[in-house]
Amino acid sequence: MKSITELDCQYRPKWHYSAERNWLNDPNGLVYSNGTYHLFYQHNPHGAEWGNMSWGHATSTDLQHWEEQPVAIPCDDQEAIFSGSAVVDVQNTSGFGLGGVPPLVAIYTSAYSLTSPLAGRQAQSLAYSTDDGATWTKYAGNPVLDRASADFRDPKVFWHDGDAGSYWVMVAVEALNHEVVLYKSADLLSWEYLSTFGPANATGGVWECPDLFELPVDGDASNTRWVMVVNLSPGGIAGGSGGQYFIGTFDGVTFRSETTVTEGPQTDDSPMADYGWLDWGRDYYAAVSFSNVPDGRRLMIGWMNNWQYAAATPSDGWRSAMSLVREIKLVSRGGRPVLVQAAVDPFDNNGTELFALDQQPMAEGVTWLPAEACGDVLRIDAEFEPGAASRVGLVLRAGSGASGAPANGSGERTVLAYDCLTAELSLDRTESGNVGFHEAFPSVERVAVPLENGRLRLRIFLDRCSVEVFAQDGLATITDLVFPARSASAVGLLAEGDGGTLMSLAVVG
Ligand code: FRU
């Protein structure tokens with residue numbers, strides 16, 4: 001029986017995975033096998049702070065509901081188990097399989113402890129499972145790839161079939177050098193150097209948790225591009241941790257970016273907003289994709305936090321959650337491929353429409369929605385035609401203010417607004433509730449979003465301590481933590497200046 005605490009009711013997300021107890025950070029080893037999605041993650045089994053890094057484990061069959069499993073790969077006195085990936089070794093290239101059943105193989109970073117002969121190094125190691133992820137055995141020949149580096153980590157491995165041959169490819173980082181290094185292997189056990197990518201674009205922090213995958217453009221399998229994901233911390237677009245991506249080609253040896261704006265290390269006048277960002281909020285980090293997902297779908301999860309203040313977020317025994325699962329696609333815009341993201345919608349099958357509005361002119365100021373549209377776990381779909389208005393948007397998680405009801409503007413609030421003059425969408429959490437636990441927490445995130453046919457479409461997920469915004473069908477996303485009072489549940493429509501039109505609104509809970 002799970003224990004439910006006050007802070008659980010207030011902050012623990014309903015749909016975003018969190019460990020029942022203790023700390024988590026990066027998603028690791030995301031893999032689909034035999035009907036089950038596995039989410040491993042950086043976990044401290046013994047406390048609500050970072051430490052004793054081990055791989056926690058959760059499973060799901062629908063990517064909506066997650067069930068916590070026993071710790072999969074615990075740390076020991078020789079090594080911490082840092083981030084990495086997992087594959088289904090279909091052809092049993094590693095030889096770890098038993099009785100014709102393909103093994104699951106985890107490729108993780110051994111962060112060696114002071115007591116280890118390899119103290120101070122980070123190298124890549126294997127663990128395998130012959131019971132579909134339930135139990136794991138470390139490979140006796142670990143590490144399998146050691147560059148005698150102190151910051152070589154976060155291996156993402158995938159099977160590559162191409163003109164250059166068929167083999168496993170690993171992307172990992174030399175974190176301090178802002179480099180993604182690529183290796184290949186026939187058996188996961190021995191690795192051969194291929195190439196290095198970077199530094200490029202954002203280099204204002206260490207490069208961590210890379211990923212590399214191929215996607216069709218506009219669903220056309222004969223026109224594909226490769227996406228290189230590089231998380232970095234600090235130096236993200238919103239401050240602190242963030243994820244950037246490059247779009248380009250990969251010939252089995254070298255990734256060539258077509259979206260590099262700045263070669264080499266970043267300078268003071270680097271055009272940060274021109275780089276590709278996975279998310280424009282503060283709380284989407286270490287995002288990587290699942291392997292082996294049916295139908296070629298590319299699904300990612302990020303850690304919904306930021307190293308700037310992750311250790312200080314309110315906790316009563318558990319700390320941090322994952323983002324919703326996101327499906328990633330490439331679509332053509334202005335003659336070039338861009339990345340779009342859609343959440344695997346937890347309200348699909350599980351939600352009911354609480355409230356809806358049809359097309360209507362927007363009144364100036366804040367128009368509060370009725371009680372049935374309030375909540376701390378909601379999906380809100382809204383379409384606006386700003387017209388002559390200077391700002392339109394939504395007030396979210398609004399408190400009722402001193403007078404008790406209805407929300408009157410004096411209480412806490414999180415404001416999502418589109419500024420027509422700057423064509424920017426912003427999420428302001430400076431008055432979102434408990435913001436005082438860290439000086440870096442109160443913030444306003446911004447992203448340039450072009451109107452499409454004069455309109456702005458927003459899909460917003462509220463889940464107790466989080467706000468995730470998908471604008472223009474996922475062309476831009478903003479993910480931010482918020483820590484409001486439980487009662488701060490009002491939703492308002494915001495308009496500054498006359499002439500805005502609400503095209504439609506639906507609230508699902
Ligand atoms: C990213 C990261 C990784 C590392 C892990 C340690 O958040 O720093 O580079 O493997 O966390 O927990």
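Ligands are counted one by one from 1 in listed order, and the atoms in each one are counted from 1 as well.
The closest approach between a heavy atom of Asp154 and any atom of ligand 1 is below 4.0 Å.
The closest protein non-hydrogen atom to atom 8 (O) of ligand 1 is Glu208 OE2, 2.8 Å. Regarding atom 2 (C) of ligand 1, its nearest protein heavy-atom neighbour is Asp26 OD2, 3.3 Å.
Close contacts of ligand 1 with Tyr285, meaning ligand atoms under 4.0 Å from a residue heavy atom, involve 1 (C), 7 (O). Within ligand 1, counting atoms from 1 as listed, the ones closer than 4.0 Å to a heavy atom of Trp307 are 1 (C), 7 (O). Counting the atoms of ligand 1 from 1 in the order shown, those under 4.0 Å from a heavy atom of Ser83 are 5 (C), 10 (O).
Counting heavy atoms closer than 4.0 Å to ligand 1, residue Asn25 contributes side-chain atoms (C-beta onward) but none from N, CA, C or O. Of the heavy atoms in Trp303, none comes closer than 4.0 Å to ligand 1.
Using a cut-off of 4.0 Å between Lys/Arg side-chain N and Asp/Glu carboxylate O, Asp376 and Arg464 are scored as salt-bridged. Glu468 and Arg459 are not joined by a salt bridge, as no carboxylate oxygen comes within less than 4.0 angstrom of a charged side-chain nitrogen. Here Asp480 does not pair with Arg282 in a salt bridge; the nearest charged N to carboxylate O distance is not below 4.0 Å.
When each of Phe82, Trp136, Phe290 is tested with Phe40 by the rule ring pair (Phe, Tyr, Trp, His ring centres under 6.0 Å), just one qualifies, namely Trp136. For the ring pair (Phe, Tyr, Trp, His ring centres under 6.0 Å) with Tyr41, the qualifying choice from Trp55, Tyr17, Trp303 is Tyr17, the only one to do so.
Within 6.0 Å of CD in Gln69 there are more than 12 heavy atoms belonging to other residues, nucleotides or ligands.
Between Gln42 and ligand 1, a contact under 3.5 Å exists for at least one N or O pair.
Checking Asp132 against Ser33 by side-chain atom types alone, a donor-acceptor pair falls below 3.5 Å.
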